[in-house]
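Residue numbers start from 1 in every chain, and the chains themselves are labelled A, B, ... in the order their sequence lines are given, proteins ahead of strands. Source: prediction; values computed, not measured.
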Amino acid sequence: MNATPGGADPALWLPEPWRIERVRRELSDTFTLELQPTAGGAPLRFLPGQFNMLYAFGLGEVPISISGDPEADGPLVHTIRAVGPVTEAMRRLVPGDVLGVRGPFGSCWPVSGAEAEGCDLVIVAGGVGLAPLRPAILHVLRHRQRFGQVCIFYGARTPADILYRHELRRWRGQFDLLVDVTVDRATQDWAGRVGVVPRLVEGGGYDPQHTLALVCGPEIMMRHTARALLARGVRRERIHVSMERNMKCAVGLCGHCQFGPHFVCRDGPVFRFDVIEALMTVDGL
Amino acid sequence: MQRLSLAGLAVLLHVLWADRREIIGPRLRDGAITLGILHRLEDLPVGWSDTAQEAAQYRVVPRADSARFGHVTGPLSWKRWLFLPEEVLFRAVRDDQDGGFTLSATPTAPLRAFLGVRGCDLAAIAIQDRIFAHDPAYCARREATLIIAINCLEPGGTCFCASMETGPQARGAFDLRLTEWLDAGTPSYLVESGSAAGRKLLARLPIEACTPEDQARVEQALAQAATRMGRQLDTGGLAERLAARPGHRHWQQVAARCLSCANCTLVCPTCFCSTIEDRTDLSGTTAERVRRWDSCFDLEHSYIVGGNVRADPAARYRQWLLHKLAYWHTQFGTSGCTGCGRCITWCPVGIDLTVEAAAVAGSEA
């Protein structure tokens with residue numbers, strides 16, 4: 001009646017039903033869903049690094065990054081690790097089942113902007129952290145000539161935990177990509193590197209002065225990777241990390257994803273490292 | 001400014017009821033001034049005060065007069081009528097044919113009037129308006145709500161609205177603003193309108209003219225009230241100093257007393273954290289998503305795979321205070337604290353926001 005808020009969004013909380021077209025088992029606890037809109041809706045436009053809220057009927061909603069090609073009109077792709085009741089239920093879904101989708105939300109990897117043009121790219125992922133980086137990698141491959149050297153450094157706990165194994169192998173076979181993979185713990189069949197992923201960053205293969213770095217993985221891995229990049233001479237404002245926090249709403253009003261003054265759902269998940277560096281060093285923020 | 005007699009106040013209530021508005025206002029219940037639905041003028045807490053509040057102390061005491069608004073803020077705030085403690089966001093029905101589901105959302109927005117909104121709480125509503133600017137249910141309820149504010153002439157023991165610049169005069173988005181004035185113990189109401197709806201409402205009331213002396217008396221009383229706050233908080237550079245000291249040893253000292261009970265966040269008129277609960281019926285064919293108030297003092301609030309980010313109570317208190325007094329400025333361009341003092345009064349161990357903030361802001365480590 002008096003000064004009232006404007007801009008109420010009637011669809012703010014409402015997921016759209018999408019139908020599962022394909023399910024691909026990736027790892028023992030990780031799977032990929034390919035979804036199509038029901039009732040012939042349009043494909044979802046998103047930017048690399050953004051996420052959706054996925055709703056399992058009656059069970060709950062979880063934030064999951066988008067893993068497909070941002071420029072293809074193909075299905076909506078989500079790679080999910082089953083770690084709780086909602087994602088466990090999603091693992092049991094089969095083609096034809098329906099999921100609710102709300103999104104896309106959040107900030108993106110700066111791969112299509114002017115700041116990436118002509119730069120070397122260092123893409124560093126740990127574990128399932130490769131999933132939010134896949135759209136950025138696909139974008140880079142599509143526009144390979146716009147970038148200088150492109151390095152993909154990936155670390156997994158064990159060889160059995162290597163995500164997108166076939167794709168990594170294909171990328172590794174390309175002459176215009178430097179792909180290196182390491183595991184924390186080797187098994188007998190592993191002839192590759194053993195050690196943490198920041199080590200790969202220390203190995204170089206890029207020009208630190210003209211590098212843009214994209215990092216996604218556990219917080220401690222991102223901290224150490226950033227430190228290794230800084231030690232090589234990469235500028236802090238050219239390092240980007242993707243943060244994870246509890247999320248209930250994805251639209252900046254449930255309060256759960258706060259990280260200092262930032263709402264990870266809205267201001268992140270992708271942050272410039274220099275913006276959150278001080279916050280990342282505080283325990284329990 | 002005009003004047004309403006006590007009988008005129010009764011007319012105001014009847015006009016609102018005639019417009020089919022539910023009136024929410026102060027009521028004496030369970031030994032506290034709470035907020036509830038008013039059915040008659042006498043439901044207002046006639047001759048009761050709760051201004052003698054202190055950390056972890058609250059009592060209502062009889063007054064010597066028959067003031068209707070001679071109290072300050074009790075444990076409830078208006079947020080429970082706009083940002084509901086529990087609310088269904090949508091209902092979903094599974095479609096047997098194709099395994100899909102259909103959603104429906106039906107926010108309820110009854111016509112209401114809030115009677116007796118104080119400056120601190122009016123500021124709190126303005127703050128939540130920004131937070132929930134896109135939330136359909138909040139916006140619908142907010143638009144259906146008429147606000148009748150009241151100026152505070154007798155601040156309470158834990159009040160510091162003068163420090164937060166939200167009172168004692170009620171400023172901002174009100175439709176009508178009242179000042180309760182006592183002449184020989186009998187109240188009358190100086191009234192001003194703050195919106196087109198307020199002006200229309202005023203035109204239907206038996207208003208009397210008001211003298212320049214009346215106005216001057218109100219202004220003087222408000223100025224005096226500003227000097228009689230039970231608490232104060234030095235806000236100069238406060239946000240920057242707090243944000244720069246996440247490692248201050250005082251956080252641990254507060255944590256040694258804090259019970260993580262979440263009382264402060266429940267009584268706070270601006271705290272907006274919520275969680276989601278999903279339910280289904282026994283057959284599993286219909287589901288609903290429910291939003292409920294949550295608190296950053298709850299361990300689960302910061303849960304992510306691998307552990308709770310804020311496992312330590314010190315980290316949780318720090319989150320609450322830094323959010324309220326520092327980060328809120330970055331997020332919403334204003335402090336998250338309006339100086340209502342509820343968190344001080346209702347903390348069972350008497351943790352005092354003004355004292356704790358000053359302790360962290362006052363020294364480097």
>> Nearest 0.5 angstrom please: I304(B) CD1 to N246(A) CG, how far?
In response: 8.0 Å

> Taking P218(A), P261(A), A11(A) one by one, which has the highest count of heavy-atom pairs under 4.5 Å against chain B?
Replying inline: P261(A)

> So what's closer than 4.5 Å to chain A heavy atoms on S302(B): side chain, backbone, both or neither?
Replying inline: backbone

>> Nearest 0.5 angstrom please: C254(A) SG to D294(B) CG, how far?
In response: 8.5 Å

> Checking heavy atoms, do the side chain of T285(B), its backbone, both or neither come under 4.5 Å from chain A?
Replying inline: backbone

> Is R318(B) close to L285(A) at the side-chain level, that is, under 4.5 Å between some pair of heavy atoms?
Replying inline: yes

>> Are there over 12 heavy-atom neighbours, none belonging to R45(A), within less than 6.0 Å of that residue's CZ?
In response: yes

>> Quick check on the interface: out of G260(A), P10(A), P17(A), G60(A), who has the most heavy-atom pairs with chain B under 4.5 Å?
In response: G260(A)

> Taking all non-hydrogen atoms of both residues, which atom of G58(A) and which atom of A287(B) are closest, and how far apart?
Replying inline: CA-CB, 3.5 Å

>> Is any side-chain heavy atom of P15(A) closer than 4.5 Å to one of F90(B)?
In response: yes

>> Between the side chains of R19(A) and D98(B), is the shortest nitrogen-to-carboxylate-oxygen separation below 4.0 Å, so that they form an ion pair?
In response: yes

> What are the two closest non-hydrogen atoms of C273(B) and G255(A), and how far apart are they?
Replying inline: SG-CA, 3.6 Å

> Checking heavy atoms, do the side chain of T286(B), its backbone, both or neither come under 4.5 Å from chain A?
Replying inline: backbone

> Can you check whether L103(B) reaches L14(A) side chain to side chain, under 4.5 Å on heavy atoms?
Replying inline: yes

>> Using only atom types and a distance under 3.5 Å, with no angle test, would you say the side chain of R289(B) pairs donor to acceptor with the backbone of W13(A)?
In response: no

> Between A8(A) and P136(B), which heavy-atom pair has the shortest distance, and what is it?
Replying inline: CB-CA, 4.1 Å

>> Does any part of the side chain of Y327(B), heavy atoms only, come nearer than 4.5 Å to the side chain of F259(A), both counted from C-beta?
In response: no

> What distance separates D135(B) CG from C249(A) SG, expressed to the nearest 0.5 Å?
Replying inline: 9.5 Å

>> Does L299(B) have more than 12 heavy atoms from other residues, nucleotides or ligands lying within 6.0 Å of its CG?
In response: yes

> Rounded to the nearest 0.5 Å, how far apart are CZ of R245(A) and CZ of R310(B)?
Replying inline: 7.0 Å

> Counting distance only, does the side-chain N/O of H134(B) pair as donor-acceptor with the main-chain N or O of G7(A) below 3.5 Å?
Replying inline: yes

>> Check this for me: R157(A), atom CZ, are more than 12 non-hydrogen atoms of other residues, nucleotides or ligands nearer than 6.0 Å?
In response: no

>> What part of E61(A) gets within 4.5 angstrom of chain B, counting heavy atoms only: side chain, backbone, both, or neither?
In response: both

>> Does any backbone or side-chain atom of F332(B) lie under 4.5 Å from a heavy atom of chain A? Answer side chain, backbone, both or neither.
In response: side chain

>> Once rounded to the nearest 0.5 Å, what's the spacing between atom OH of Y138(B) and atom CG of L12(A)?
In response: 14.5 Å

>> For E16(A), is the CD atom crowded, meaning more than 12 foreign heavy atoms sit under 6.0 Å from it?
In response: no

>> Is E300(B) close to chain A through its backbone or its side chain, or both, or neither, when contacts mean heavy atoms under 4.5 Å?
In response: backbone

>> Heavy-atom cut-off 4.5 Å, strictly under: side chain, backbone, both or neither for T330(B) against chain A?
In response: side chain

> Is it the backbone or the side chain of D283(A) that comes under 4.5 Å from a heavy atom of chain B, or both, or neither?
Replying inline: backbone

>> Can you confirm whether Q331(B) sits close enough to H262(A) that some side-chain heavy atom of one is under 4.5 Å from a side-chain heavy atom of the other?
In response: no

> Considering only heavy atoms, which portion of A311(B) lies under 4.5 Å from any heavy atom of chain A: side chain, backbone, both, or neither?
Replying inline: neither

> Which answer fits V93(B), side chain, backbone, both or neither, if we ask what part of it has an atom under 4.5 Å from a heavy atom of chain A?
Replying inline: backbone

> What distance do L253(A) atom CG and S274(B) atom OG have between them, rounded to the nearest 0.5 Å?
Replying inline: 6.5 Å

>> Just so I know, are the side chains of R81(A) and V305(B) near enough to count as touching, which here means a heavy-atom distance under 4.5 Å?
In response: yes

>> Within the structure provided, determine whether D278(B) and F57(A) are in side-chain contact (heavy-atom separation under 4.5 Å).
In response: no

>> I'd like to know if the side chain of H256(A) reaches the main chain of H301(B), judged simply by a donor and an acceptor atom lying under 3.5 Å from each other, with no hydrogens or angles considered.
In response: yes

